[in-house]
Colleague: 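Provided herewith is a single structure, encoded as structure tokens, for subsequent inquiry.
In what follows, residues are counted from 1 in the order of the sequence shown.
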Amino acid sequence: SSSSSSSLHGIGQSMSHLLDSPASASAHRSSSFDSEVFDATNYVNHLFSTLGEENVRNECLHLQRRKEVAAKGLQSNVFIHYRDFIGASKQISNLESQLLELKRLLASSDSLLKSLRELSVHPPPPSPRENEPDLRHSGGKRTTANIYDRAGVASRDARDIEGVEHLLNLPYLLDVLISERRFGAAVKHYEIAQNFLKTCSNVDGRLDELIQCVQREKIILCPPTPSLEDLMSCHLESRIATLAKILTNELLQPTLKEAHVRKILSYLLRLNLSDQARDIFLTTRSKNIKNALRSIKVGGEVAAYIRDITHLVFTSIIATGEDFRQSFPECAMLSSYTVWAITEIERYCEIFRRQVMSTNDFQLMATCLATFHEYNEMLISRGLDVSFYVDRLFTPQLVDSIRCYHSRIEAGLFRKLDEDPWKLVERSMPTPPPRRRDSPMRVNDELQTHQSPLTPSAQFLVECMSTFIQDVGCVVSVDLFQSVMSVISGILECYFDRIADELRSTVTYTDSQTIAMLRNCSHVLHEFFPRLTSHFLEQVHRNTVVHPVEREMGLLKLRLQHLHDILHRNFCVLRAQQVLSHMTWFSSERGEGVTTTLPVAYAKEQIEESALPSMDFMTFFAFLNTLQTVLEKHRVSVVSAESLISSLVEQVALLLDERAVFQSGSTPAKGGLQLLVLEMRFFLEASGKHATETTQTAINNIMERAILHYCKVSGCEPTHALKDDVWFQSHIRRAMVKTKNLRGKDLDEFYA
């Protein structure tokens, strides 16, 4: 320090030539680097206030050089006195060792003196006439009987004296034993003192008097104390606190062996510090787990990392529980272990959430959750189940991930629907990538094996829903079931609704495009949905979810079936209206000499022998034949195709029935009646198996209404108003042959 002070002082001296003004000079003279009141700020301000930039820069370089010189001087000064410092440290250590040896010798001397007192001969009882005890036979020393008499407790046992003597020497004994790290002996002496205090109460201050007498008559190593309370508060409590602090510091050592840990815990329990021992024990285990977690590095495989930390955390919790039960057998302590275990699980879940739940990779989530449940079974076998707690932590984030998944599928589906040309294409599924070995499930190929031609939007729907069930199905639980079901029902119903909107739109689609839309919905309902349901049930049963899954999926299928039927009905109504818009069957014109509102075709009195049904009806059934071919080409199932055609025929029949023919106000014609009956019978014959009961009722109503009206007006019998059945059959057969020869691609081309 002297060399550094001289160096710093040299800096100030070397800069004296800079002080030009009297004020600067006085400031420099009053400032010294080795002064106790030196102010560096004022010194620099006075020094550089009158200097220019170049001078300031030069002086800064000069100061830097002087600083280096001072640093070298300080370093050499430390090196010179290093040996002195080491020597002083060794002397201090030797003095501490000698002090401990002195304490040990004093303790040995005290024990020797105590043994000599016990071997001494007691004098005879004192004379009752004497006020003072006779000391002649004891060599001037007071014996134990003398102490009893002086203390006024002659009826007490000699063990009280020994207990008080031990109690008074206990602070010194604790100092010696703690310094020698003989913790077991220190705890034993403390227990002896506690047992003595329990058996010998300080009633009416008798122990205080006995303490004072023992301090007067015997050699006590500790400073005198006036009372038991003062002894406990001033001497013993500080020693016990020191002993507890040393023991707790020992517990914090990470390399401590289990046997040593249990021994230290037993010492703390014997010192009545069970709460402190418990907290230190659990805190140490938490630090060990934390340090071990830091040593595990996150590699490229997240699932392997999660398995490693899960193994570490859960095995540590199990091992801690076993040690805790051995060290703290009281049942009241188990709640502390449970709280500690939950805290460690929370830290584990935080790592789990950061590494797994934020990825939105449901396969990874399923793998890691399976790992968690695997190790949780080990905890359950030992009486601790944390699955409910973890589910409560992860369920909200899983629900959010499912909702995000739903949004992504919905956005992609809308985009595909807007871009869909409604043309069926064969699906070519790529080879799926290899799965992770630690994945809890394999790829369910059943959802991808049935390759049916679909439009791009339907292909996207099938692929996305298949992937969704494969991903989310493996993590589904009771809490997540409704969220998963809402996604399934929402996506499928949304697709059906969008198809219905397309059919109701003003955009004119061809029959091929319309059939492609219906084919998509039919495939989703009758082919894909059953496989989806089967796969979902398999996942749910694997996860042991107790929930009416079959009922929910059944209700969803009913809703989809209802939407599917609405789509078919809307298509049939639309096509039926287009058919009737092309027909001239209801066009009524007034011919020469004809005063009737009947259609022109039905205003004739005589029907030609070569008459056939009008081209409107034959074209309609030719269109149905072509429509059936289109349905077969689009691989629509036979049941769906027959249902669609039957519904279309039914809608046309109902629309025909709504248009009243041969009603009041019209003049009936016999030839027109016969032509009407021929066309209606041809309608039923050409419909064949597609003629539903509703269709037959509507057509029969048309014929009955026309016949009754004609007979009412003309007064003719029904049997005379119509030709025989053979005539009708022959003309119908001719019309059927002609119908087969009609060709066209769509409705407009047929009627053109």
Side-chain angles (χ1 to χ4, degrees), residues 1-18 28-44 47 58-110 171-186 221-223 235 238-257 260 263-264 267 280 284 287-288 291 294-295:
S1 61
S2 60
S3 61
S4 62
S5 300
S6 60
S7 300
L8 293 173
H9 185 70
I11 297 175
Q13 295 295 332
S14 64
M15 298 179 65
S16 60
H17 63 282
L18 299 173
H28 174 67
R29 286 191 297 271
S30 62
S31 301
S32 178
F33 284 103
D34 55 357
S35 175
E36 296 181 356
V37 295
F38 176 75
D39 189 351
T41 303
N42 293 332
Y43 180 82
V44 172
L47 182 63
N58 294 332
E59 293 309 321
C60 287
L61 293 176
H62 183 70
L63 285 174
Q64 183 66 29
R65 288 193 295 270
R66 299 297 299 175
K67 176 183 176 182
E68 294 175 356
V69 172
K72 291 181 180 179
L74 179 62
Q75 184 178 12
S76 61
N77 191 15
V78 171
F79 287 159
I80 291 172
H81 296 90
Y82 179 74
R83 292 185 178 180
D84 297 338
F85 172 75
I86 296 299
S89 300
K90 290 183 178 180
Q91 291 178 6
I92 292 173
S93 178
N94 293 333
L95 289 176
E96 290 179 350
S97 301
Q98 293 175 6
L99 180 61
L100 293 176
E101 182 67 18
L102 178 61
K103 288 184 178 181
R104 189 181 65 79
L105 292 175
L106 289 175
S108 301
S109 302
D110 180 67
Y172 167 73
L173 289 175
L174 290 178
D175 288 338
V176 175
L177 294 174
I178 291 172
S179 62
E180 295 178 352
R181 298 183 63 83
R182 296 169 57 190
F183 303 130
L221 301 178
C222 291
H235 301 287
S238 61
R239 268 73 172 186
I240 297 302
T242 302
L243 178 59
K245 183 178 180 180
I246 294 175
L247 292 176
T248 53
N249 290 334
E250 288 289 321
L251 277 179
L252 293 176
Q253 298 298 324
T255 59
L256 206 61
K257 296 182 179 179
H260 200 182
K263 184 184 294 185
I264 294 177
Y267 293 160
I280 294 296
T284 304
K287 290 183 178 179
N288 294 340
N291 293 333
R294 288 177 178 175
S295 64

Colleague: Do any N or O atoms from the side chain of N77 and from the backbone of G73 form a donor-acceptor pair under 3.5 angstrom?
Modeller: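 Checked: no pair found.
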Colleague: Find the distance between CZ (F183) and CG (L174) and round it off to the nearest 0.5 Å.
Modeller: 12.0 Å
Colleague: Report the distance from atom NE2 of H260 to atom CD1 of I264, rounding to the nearest 0.5 Å.
Modeller: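 If I round to the nearest 0.5 Å, the distance is 4.0 Å.
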Colleague: Which heavy atom of L243 sits nearest a heavy atom of A186, and at what distance?
Modeller: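 Shortest heavy-atom contact: CD2-CB, 4.2 Å.
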Colleague: Who passes salt bridge (Lys or Arg N to Asp or Glu O under 4.0 Å) against E180, sequence neighbours left out?
Modeller: R182
Colleague: Throw together a table of side-chain donor-acceptor distances under 3.5 angstrom for residues 95-102, partners on residues two or more places apart or in other chains.
Modeller:
unit_1: S97; atom_1: OG; unit_2: S93; atom_2: O; d: 3.2
unit_1: E101; atom_1: OE1; unit_2: R104; atom_2: NE; d: 3.4
unit_1: E101; atom_1: OE2; unit_2: R104; atom_2: NH2; d: 2.3

Colleague: Identify the heavy atoms of I246 and I178 that sit nearest to each other, and give their distance.
Modeller: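 Looking at all heavy atoms of both residues, the shortest contact is CD1-CG2, 3.3 Å.
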Colleague: Say you draw a straight line from CD1 of I280 to CG of L247; how long is it, rounded to the nearest 0.5 Å?
Modeller: 10.5 Å
Colleague: Ignoring hydrogens and geometry beyond distance, is a side-chain donor-acceptor pair present between N58 and H62 at under 3.5 Å?
Modeller: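 No donor-acceptor contact under 3.5 Å links the two side chains.
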